[in-house]
Structure formats: C-alpha cells, structure tokens
Amino acid sequence: MDKILIRNLKIFAYHGVNEEEKINGQNFVFDIDLYVDYSRACYSDDLNDTVSYAKVIKTVRRIFTEEKYDLLEKAAQITCDAIFDEYKAVERIRLTLKKPEAPIDADFDYVGVEVFRQRQKESI
C-alpha cells in the first residue's frame with residue numbers, strides 16, 4: 001500500500017504527568033505514515049483521489065492542542081482516531097510522538113511512543 005509521509009511536525013502543547021508541563025507547555029514532534037491507496041491520483045493528478053497532507057496537519061494540530069493529556073499514549077490514540085474519522089481513505093497509520101523536552105534529568109534526544117493502527121471494518 002502507498003504511504004503519505006509527514007516528518008518532524010512540531011506542535012507546542014500542554015501534555016504531561018507533571019503539573020508544570022500542563023502550565024508551561026513544551027514542543028512535541030510527530031512522524032506520521034498514512035497508508036492510502038493513491039494509485040488513482042498518480043494518473044488523475046487530482047487531490048480528491050488522495051489525502052491532503054496539509055489538511056491532515058491541520059487536523060493533527062487542532063486535535064493535539066484541544067485538550068491536555070497526562071500520557072503520550074492517550075494523545076497518540078486520539079490523534080489516530082481523528083485522522084480515521086476525517087479521512088476515510090486512510091487504511092492504516094503509523095504515528096510516532098516524540099517529547100524532546102521531557103522534564104527528565106538525563107541526556108537524551110527524545111522520549112516518545114509509536115502506535116500502529118488499522119481502520120476497523122464497520123459491521124453490517
């Protein structure tokens with residue numbers, strides 16, 4: 001299956017277990033793979049035959065900043081849920097959510113989570 005890639009999408013938000021994270025906020029970084037059959041778009045050159053990564057970015061930014069979550073796991077899941085809800089052509093998602101400024105006394109590039117989700121088939 002084809003993939004649409006979004007790399008190093010930076011969003012400032014207020015997630016974390018510590019109270020100061022919810023008050024001061026910090027940067028988060030997304031890497032997102034959207035599994036989509038865009039073979040029609042390869043020939044039609046029509047945006048309607050694929051998924052607009054610009055629109056997906058707007059969705060991710062909106063969903064990720066609407067609420068405050070303790071866990072990255074929850075924030076990653078609600079982001080995947082919103083993508084599936086708004087973009088019916090997306091069949092699977094691999095989403096990595098990085099927290100490069102986590103308040104941990106250690107030398108690291110980032111901490112984070114990665115989720116793989118597949119669209120659930122609707123029952124009849």
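Quick note: numbers below take in every heavy atom, side chains included, and nothing from hydrogens, waters or symmetry partners.
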Under 6.0 Å from the [atom1] atom of [X], do we count more than 12 heavy atoms belonging to anything else shown?
{"X": "Lys68", "atom1": "NZ", "result": "yes"}
{"X": "Arg40", "atom1": "CZ", "result": "no"}
{"X": "Phe108", "atom1": "CZ", "result": "yes"}
{"X": "Asp46", "atom1": "CG", "result": "yes"}

Do Arg61 and Thr59 get their side chains close enough for a donor-acceptor pair, meaning under 3.5 Å?
no

Side chains of Glu91 and Gln118: is there a donor and an acceptor less than 3.5 Å apart?
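No, Gln118 and Glu91 have no side-chain donor paired with an acceptor closer than 3.5 Å.
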
Checking Asn18 side chain against Glu20 main chain: does a donor-acceptor pair fall under 3.5 Å?
no

Heavy-atom closest contact ([X] atom, [Y] atom, distance):
{"X": "Tyr38", "Y": "Lys3", "value": "OH-O, 3.3 Å"}
{"X": "Gly112", "Y": "Leu72", "value": "CA-CD1, 3.8 Å"}
{"X": "Phe64", "Y": "His15", "value": "O-NE2, 2.8 Å"}
{"X": "Ala82", "Y": "Ile63", "value": "CB-CG1, 3.4 Å"}
{"X": "Arg7", "Y": "Asp31", "value": "CA-OD1, 3.4 Å"}
{"X": "Arg117", "Y": "Gln77", "value": "NE-OE1, 2.7 Å"}

Look at the side-chain heavy atoms of Ile, Leu, Val, Met, Phe, Trp and Tyr, link any pair under 4.5 Å apart, and say whether [X] and [Y] land in one connected group.
{"X": "Tyr14", "Y": "Leu97", "answer": "no"}
{"X": "Val29", "Y": "Val113", "answer": "no"}
{"X": "Ile6", "Y": "Phe84", "answer": "yes"}

Take Phe12 and Phe28, measure what ring pair (Phe, Tyr, Trp, His ring centres under 6.0 Å) needs, and give me the verdict at the end.
CA-CA 6 Å; Phe12 190 86; Phe28 296 84; 8.2 Å; no

Could you check whether Lys98 makes a cation-pi contact with Tyr110, meaning its NZ or CZ is under 6.0 Å from the centre of the six-membered ring and within 45° of the ring axis?
yes

Note, [X] side chain near [Y] side chain (heavy atom, < 4.5 Å):
{"X": "Ile11", "Y": "Val60", "value": "yes"}
{"X": "Glu21", "Y": "Lys99", "value": "yes"}
{"X": "Ile93", "Y": "Asp33", "value": "no"}
{"X": "Ile4", "Y": "Tyr35", "value": "no"}
{"X": "Ile32", "Y": "Tyr53", "value": "no"}
{"X": "Thr50", "Y": "Leu47", "value": "yes"}
{"X": "Arg119", "Y": "Lys88", "value": "yes"}
{"X": "Arg94", "Y": "Glu114", "value": "yes"}

Using the rule side chain to side chain contact (heavy atoms under 4.5 Å, CB included), only one of Asn8, Thr96, Thr79 pairs with Phe30; which is it?
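Result: among Asn8, Thr96, Thr79, Thr79 is the only option passing the side chain to side chain contact (heavy atoms under 4.5 Å, CB included) with Phe30.
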
Out of Val51, Asp85, Val56, which residue meets the side chain to side chain contact (heavy atoms under 4.5 Å, CB included) rule with Val90?
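Output: one option passes, namely Val51.
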
Atom OH in Tyr87, atom CG in Leu34: separation rounded to 0.5 Å?
9.5 Å

